[in-house]
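Here is the structure we will look at.
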Amino acid sequence: MTLRLEAVAKEVEGRTHIHPTTLTLERGSLNLLLGPTLAGKTTIMRLMAGLDQPSSGRIFYDGVDVTGRRVQDRRVAMVYQQFINYPTLTVFENIASPLRLQGLPRKAIRAKVEAAAELVKLTPQLNRRPSELSGGQQQRTALARALVKDAELILLDEPLANLDYKLREELRAEIPRLFTESGAIFVYATTEPHEALLLGGNTATLWKGQVTQFGSTPEVYRQPRDAITARLFSDPPMNFIGFDKRDGEALFEDGQPVPVVGGLPALPDGAYRAGFRANHLTLRKPEGTALSFAAEVAITELTGSESFVHLDHGANRWIALQAGLHAPQAGQRVEVFLRPEHLYLFHDDGRLAATAAYAAAA
Amino acid sequence: MDKPVNHRAWFMVMPVVILVAFSAVIPLMTVVNYSIQDTFGNNQFFWAGLEWFEQILSSERFHNALLRQFVFSFIILAIEVPLGILVALSMPKRGWTVSLCLVVMALPLLIPWNVVGTIWQIFGRVDIGLLGAALNELGIGYNYTQNWLDAWITVIVMDVWHWTSLVALLCYAGLVSIPEAHYHAARIDSASRWKVFRYIELPKMNRVLLIAILLRFMDSFMIYTEPFVVTGGGPGNSTTFFSIDLVKMAIGQFDLGPAAAFSLIYFLIILLLSWVFYTVMTNVGVELPRREKES
Amino acid sequence: MAKITLSNLAHSYLTDPQGPGDYALKRIDHTWEDGKAYALLGPSGCGKTTLLNIISGLLTPSEGRVLFGERDITRLSTEERNIAQVFQFPVVYDTMTLFDNLAFPLRNRGVAKARVRERVETVARMLDLTGSMKRKARGLTADAKQKISLGRGMVREDVAAILFDEPLTAIDPQLKWELRTQLKSLHRTFGHTMIYVTHDQTEALTFADEVAVMYEGEVVQIGAPEDLFERPRHTFVGYFIGSPGMNLLPARVAGSEAHLGGTRLALGRRYGQVSGGRIEIGIRPEFVALGNDGGNDGEGLPVTVTRIEDVGRHRIVRTDFQGREINAIVNEGQPLSEQMMSGQMTRVRFDPHSIKVYADGWLIEGKSV
């Protein structure tokens, strides 16, 4: 089935929680809602599920208008950040609970629960109670319950946020596999760009109740349509530098000319911003042409295999992500390099003026 | 397409509307009816206008009862609120003693009003009551049927005994919601016991405390059964609170008109006070964070 | 400020522990130097919180002692220990202003008014809080509240150590960068000894001069971030640090060669005859190269590609080797062969000097060739 939101908006007490949003989600697809806390991820999910009614706009399941329909009549499953299971029931009964409500015969229930448990690797724990499980196993139980329900729409609201870093990594690798096998529409909310990239699928970036862009995850990452999306989808945050174009000549804040990259000559005179990601800013001079900036090291963070060098360039704070260990002293003046094809150009109001050449080629 | 759903919703509400109409609106209108008419019996009524209201509002009897009522409610709050907080603070937070405490605290709340009254009526009797007899044996002249101060003390102690645990339980609910980390942080910051109370415990109890104050105020303002059973409003009129006075007027003297006007005034006072409390409470509520995390 | 000595420290929640399995914290003997930043890293249940609680005074260890400088504080109460702590969820005094929040620990200790103002202003400036010092703390966002908790820890000059208990849990990723760097510059400015507990490797590695990796109540390795990355002493460290973690493959090792299911791999060091229970070789995905020659009998292990994840700055290529997962990291811009996709056969080659050998989980050093 397809899920279609048509100009869906939500207002509460005169405050806009969700701006009019139009989205089409296809059967069997994994869709990510990426945005910070309070961007409206949960609100959109509640609207999709029918837990809340939109203030305006329509919601269609397979072309059928379901806007006023109750959540009970919609075949929706939801998994939350908190591990929500029935504490007195065994894992088996927890997973079986939606099937019992549907009144399936015993045998069918057993078969379905066992298959789901196999999928989420809970077979040895089927007779335990949630309190005897680790956090990861508790969340697997909730996932299995959502899967077994045979829902058309499965909503996952930051399901890994309460788990350890490593457990998150493991479950994250498994989730896409679970999804392709079930065929439902999956919607997955996350605050982490890294998580969105690992999961793949499609991404809708959310900022203050507004979907700023929707498309395949790598595409939204490499070809953001505005500065907000670019910033939302960069971890470390995207670096920016302002530039002015006057009489056909473009100069950065620090006075050096902006390299002529695709689209720049066609831009009208005015104020612009150039953005580039941390991994494209290097301390070593790359092969070929490269821009060079003088900057002062503010602080360096090492992860063992990579270095995050925080730099001050004028009033701008930048981060350069380097493979290997580089630990320049704080206060040291360094030269950093950037290849022109990694520059995104934005209008002063944030709209994209010219996408980075490397991304357009990809 | 959601229009028919709305119409059905009205049908669902109808029983409640009818119920409220019979249980509240119609009796209330009867009272309004009485309050503006006079009767000499035989179901004959005469228009009296606002006469009864003027009479009540200017009568010394009404003023005295009102004053008595406010003094009583104030004393009740002044004792029960701090005492309730103190009890809540000294209750254990974990272990089997928690349930024991909760059960003991809940016991007085489960006893019907008139039984509480009877218990204290007997408890305080000079001839056979444990309290009354014992005090007199000790040489303390105590007699709630003759001394107005003794009567007041008895009624107040009875109310404190009956209702302090409500305040305590509400405060306790606020206290247990405070994460352990807050106490730990305060210890690290070398905060004194008073500061822990002032800056951690009290802000957390704020809301429940307001509810407790509202409940206790309204309840004590409408108190009837217990003092009626114990003292019957005496000695003299010394413990004749608002509702006792009202009943005396309506049933004892059968002054239906003034009694009706009295009840309406009583009702309006309570409505006004509720509104004041509600405003205060919601204003405090506004300051609270809306949502810590979207959920 | 002082160095912290953990002397033969161990803890069991049982009154009469029998075997090592009964200990929530197994014996640890270590010194943390004055003024440095340390991290305790491990999954939940590894004993890191137990250790933190022992240092902060919430828990008395069943064995051993804790010393701040030369002073034995094992049995002292939290107040007497002279520490500060930042918790997982921000602890602020809601009804106080930001200024009063920061001043609270100083005022409670009777610090002079002028000095309080000076310290609070310094810390507030470093945390970018100066604009809003007069507003109440109630209703602030999680990151602002956590900044205040952080500031309350920093405001005292005389604390022996500042403890952090997963302080960035409730913070959005974009803001984590800001808080982390502020924390680091605060550390550089004030020079407090800091101990940071987390399950997040990025936080631990970027924050600390030295990281202690804990696993099932035991400290399995203490070292600088690059040690943990390049020379994991235990397979758990290899797995836990790095994303994805180290590839681990059961093998037979003899001399400077490893044998895996019929394939020979050259090793960077000589090991002699390694015997013992479980022998594994470990290699980080960063040091795994993908061969382009799909079917040929070239060098390296024959594998099947199962999935490719594009993480932006690099791609993670997940492959299967005889039922075992081998991951490789390919940088952005570095081309993947055209046909490289799921189900594709290819070969992976390992940099011999980056291969580590483990027996029963522990690293075997070997001799240089």
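Just the heavy atoms: all of them, side chains too, but no hydrogens, waters or symmetry mates, feed the values below. Computed from a predicted model, the values in this text were never measured in an experiment. Lettering follows sequence order; numbering is per chain, from 1.
Shown here is C:Tyr13, whose OH atom has more than 12 heavy atoms of other residues, nucleotides or ligands within 6.0 Å. Within a 6.0 Å sphere centred on CZ of B:Arg193, heavy atoms belonging to other residues, nucleotides or ligands number more than 12. Heavy-atom contacts from other residues, nucleotides or ligands closer than 6.0 Å to CH2 of B:Trp113 number 12 or fewer. The environment of CD in C:Glu33 is sparse: at most 12 heavy-atom neighbours from other residues, nucleotides or ligands sit within 6.0 Å. More than 12 heavy-atom neighbours from other residues, nucleotides or ligands sit within 6.0 angstrom of CZ on C:Arg188. Other residues, nucleotides and ligands contribute over 12 non-hydrogen atoms within 6.0 Å of the CZ atom of B:Phe197.
Both the backbone and the side chain of C:Ser56 have a heavy atom closer than 4.5 Å to some heavy atom of chain B. Contact annotation for B:Lys195: only side-chain heavy atoms (C-beta onward) come within less than 4.5 Å of a heavy atom of chain C. Heavy-atom distances place no part of C:Arg81 under 4.5 Å from chain B, backbone and side chain included.
Side chains of C:Tyr93 and B:Asp189 form a contact here, defined as non-hydrogen atoms less than 4.5 Å apart. Between C:Asn53 and B:His184, the closest side-chain pair of non-hydrogen atoms is not below 4.5 Å. Contact check for C:Thr95 versus B:Arg198: side-chain heavy atoms found under the 4.5 Å cut-off.
To the nearest 0.5 Å, atoms CD1 (B:Ile188) and OG1 (C:Thr78) are separated by 6.0 Å.
When all heavy atoms are compared, the tightest approach of B:His182 to C:Pro90 is NE2-O, 4.4 Å. When all heavy atoms are compared, the tightest approach of C:Val91 to B:Ala185 is CG1-CB, 3.7 Å.
Applying the ring pair (Phe, Tyr, Trp, His ring centres under 6.0 Å) test to pairs two or more places apart or on separate chains, those with a residue in residues 38-77 of chain C are C:Trp32-C:Tyr38.
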